[in-house]
There are 2 protein chains.
Amino acid sequence: MPARPEAWLSSPAVGATTSADWTRHALDRLSEAGHRSSAPRAAVVEALAELGCGVTAREIDEHLRGRGSRVGVASIYRSLELLTRNRLVTRVDVGEGTVRYEPLHPGGGHHHHLVCDTCGKVSAFEDDALERAIRQLSGRTEFEVSAHDVTLRGECPSCQRH
Amino acid sequence: MPARPEAWLSSPAVGATTSADWTRHALDRLSEAGHRSSAPRAAVVEALAELGCGVTAREIDEHLRGRGSRVGVASIYRSLELLTRNRLVTRVDVGEGTVRYEPLHPGGGHHHHLVCDTCGKVSAFEDDALERAIRQLSGRTEFEVSAHDVTLRGECPSCQRH
DNA sequence: CTGAGTGCAAACAGTTTGCATTACT
DNA sequence: AGTAATGCAAACTGTTTGCACTCAG
């Protein structure tokens with residue numbers, strides 16, 4: 001199993017919002033939706049904002065533990081589920097045994113992932129032609145397509161050199 | 001958890017080979033690669049051929065159990081791993097907690113998946129414009145792209161009617 | 001006869017759940 | 001006060017592994 005796919009991410013310009021903005025946005029939306037505010041949940045939101053793209057529950061746990069916040073795993077999973085239900089984060093399943101999550105920036109550019117099969121690093125990209133092809137295709141199926149996901153696999157530049 | 005995504009599949013014309021051909025092909029290739037032939041492994045291959053696209057290890061297990069073959073789960077997983085390593089099946093991770101596998105037909109048209117978020121059904125499609133966009137995009141990254149995976153999510157026609 | 005392949009059961013990893021407790025509102 | 005949210009630990013699910021046994025080459 002490849003090492004932890006850290007935020008190596010050649011992140012594309014990520015919409016108009018920064019991660020600090022997203023933290024506020026997420027907390028506000030949850031409160032609007034009638035949810036109580038709590039320290040553990042806020043900590044999870046903040047961790048997501050800081051860790052960025054393609055984070056696992058375990059990574060959030062370690063991050064929080066490292067900075068001294070004590071949040072039970074159950075609460076992490078429950079927060080992630082709530083955030084997902086409220087369209088504030090997306091699940092990015094890249095096909096390792098574990099699910100990754102990432103902040104969904106409000107008007108932010110929608111991106112996809114490149115996964116290095118050798119070292120496990122995950123990086124992001126966006127591509128208009130690809131989006132266009134998917135949009136057209138979606139119009140032609142009888143499915144009511146609400147989301148899509150593209151994963152490219154291969155070898156990252158630094159692994160190619162070895 | 002949605003019901004088992006059975007072979008609902010609006011299967012596109014799947015290359016030139018039938019599932020019977022694939023069974024032979026797979027067994028031949030394994031033997032060429034120096035692997036011994038064994039009944040349990042052959043049973044897994046045959047199950048894959050019969051069940052078709054997007055099958056889980058558990059489904060293979062049930063299928064085999066149903067027809068009286070006694071193959072341990074460990075052997076099923078080991079066979080799947082071997083077949084994957086030899087490019088005879090692909091893993092299709094659609095983002096439920098479990099991995100799906102499907103036969104890789106030799107010259108067969110490469111396809112992607114539509115997943116119904118309501119009932120869990122998985123169907124297949126192929127689209128040239130999409131492939132083209134991905135090919136061009138792949139040429140532009142520093143990644144050495146060797147594979148790609150596209151998943152569309154939404155609601156299937158029959159769920160839309162309810 | 002030799003080791004690739006098997007089956008069982010135990011081990012594992014990620015995630016979920018039941019329940020008593022805490023703490024927003 | 002009332003109840004949403006938490007934390008712990010136990011339960012579950014999918015998958016992997018150790019080991020003694022079997023059988024194809």
Side-chain angles (χ1 to χ4, degrees), chain A residues 1-5 26-47 54-62 64-65 68-86 89 91-101 120, chain B residues 1-5 26-45 47 54-65 68-86 89 91-101 120:
Chain A
M1 188 176 301
R4 135 165 209 274
L27 294 176
D28 288 353
R29 287 258 320 198
L30 288 184
S31 134
E32 281 164 28
H35 296 281
R36 294 184 181 175
S37 95
S38 80
R41 192 130 79 199
V44 172
V45 170
E46 205 171 317
V55 190
T56 65
R58 159 176 283 275
E59 282 161 12
I60 292 174
D61 187 34
E62 279 161 8
L64 292 179
R65 178 167 273 104
S69 319
R70 357 190 88 278
V71 177
V73 278
S75 300
I76 295 179
Y77 282 107
R78 285 190 274 234
S79 298
L80 289 170
E81 202 237 328
L82 183 67
L83 288 162
T84 306
R85 268 209 324 267
N86 286 69
V89 316
R91 298 167 58 113
V92 180
D93 199 321
V94 142
E96 328 146 295
T98 171
V99 184
R100 296 184 170 277
Y101 298 84
Chain B
M1 191 176 301
R4 137 163 208 276
L27 295 175
D28 287 353
R29 286 260 316 199
L30 287 184
S31 135
E32 281 165 27
H35 295 281
R36 295 185 181 172
S37 93
S38 79
R41 192 129 80 199
V44 171
V45 169
V55 191
T56 65
R58 159 176 285 273
E59 281 160 14
I60 293 174
D61 186 34
E62 279 161 9
H63 179 82
L64 292 179
R65 177 167 275 105
S69 318
R70 355 190 89 278
V71 177
V73 277
S75 299
I76 295 180
Y77 283 107
R78 285 191 274 237
S79 297
L80 289 171
E81 203 237 328
L82 184 67
L83 289 163
T84 306
R85 268 209 321 268
N86 285 69
V89 317
R91 298 167 57 112
V92 181
D93 198 321
V94 144
E96 328 146 295
T98 172
V99 183
R100 296 184 169 277
Y101 299 83

Discussion item. Can you tell me which nucleotide in C:dA9, D:dT15, C:dT6 comes closest to the side chain of B:S38?
Written reply: C:dT6

Fill in: Reference residue A:N86; test side chain to side chain contact (heavy atoms under 4.5 Å, CB included); the match among A:T84, A:L83, A:L82, A:V89
A:L82

Worksheet entry | Donor-acceptor contact below 3.5 Å, side chain B:S31 vs main chain B:L27 | no

Item to complete: Look at the side chain of B:R36 and decide which nucleotide, out of C:dG3, D:dA5, D:dT6, has an atom nearest to it.
Response: C:dG3

Discussion item. Between D:dT6 and A:R78, counting only base atoms on the nucleotide and side-chain atoms on the residue, is there a donor-acceptor pair under 3.5 Å?
Written reply: no

Fill in: Rounded distance (Å) that lies between atom P of C:dA9 and atom CZ of B:R70
12 Å

Item to complete: Please tell me if the side chains of A:I60 and A:L80 come closer than 4.5 Å, counting only heavy atoms from C-beta onward.
Response: yes

Discussion item. What I'd like to find out is whether the side chain of A:E32 reaches to under 4.5 Å of the side chain of A:R29, using heavy atoms alone.
Written reply: yes

Worksheet, complete the sentence: Rounded to whole Å, CZ of B:R100 lies from C1' of D:dT13 at a distance of 14 Å

Response to the item:
Rounded to whole Å, the CD-P distance (B:E32 to D:dG25) equals 15 Å

Worksheet entry | Integer-rounded Å distance: D:dT6 C1' and A:L64 CG | 14 Å

Item to complete: Considering just the side-chain nitrogens and oxygens of B:Y77, establish if one lies under 4.0 Å of OP1 or OP2 belonging to D:dT15.
Response: yes

Fill in: Side-chain N,O (B:T98) to OP1/OP2 (D:dT15) below 4.0 Å
yes

Worksheet item: Out of D:dG7, C:dG7, C:dT15, which has the shortest distance to the side chain of A:V99?
Response: C:dT15

Discussion item. I'd like to check A:R41 versus A:L30 (side-chain heavy atoms, cut-off strictly below 4.5 Å). Are they in contact?
Written reply: yes

Worksheet item: Looking only at side-chain N and O atoms, does A:R58 come under 4.0 Å of OP1 or OP2 in C:dA13?
Response: no

Item to complete: Rounded to the nearest angstrom, tell me the gap between atom CD in B:E96 and atom P in C:dG14.
Response: 19 Å

Discussion item. What is the separation between atom OH on A:Y101 and atom P on C:dT15, rounded to the nearest whole Å?
Written reply: 6 Å

Discussion item. In whole Å, I'd like the distance from the CD1 atom of B:I60 to the P atom of D:dG14.
Written reply: 14 Å

Fill in: Nucleotide nearest A:S37 (side chain, heavy atoms from C-beta), chosen from D:dG7, C:dG7, C:dC24
C:dC24

Response to the item:
Assign each of B:V73 and B:G34 the nucleotide of DNA chain C bearing its closest heavy atom; nearer the 5' end lies the nucleotide of B:G34

Practice prompt. Check the distance between D:dG7's P and A:R41's CZ and give it to me in whole angstrom.
Written response: 11 Å

Worksheet entry | Toward the 5' end of DNA chain C, by each residue's nearest nucleotide, B:S75 or A:H35 | B:S75

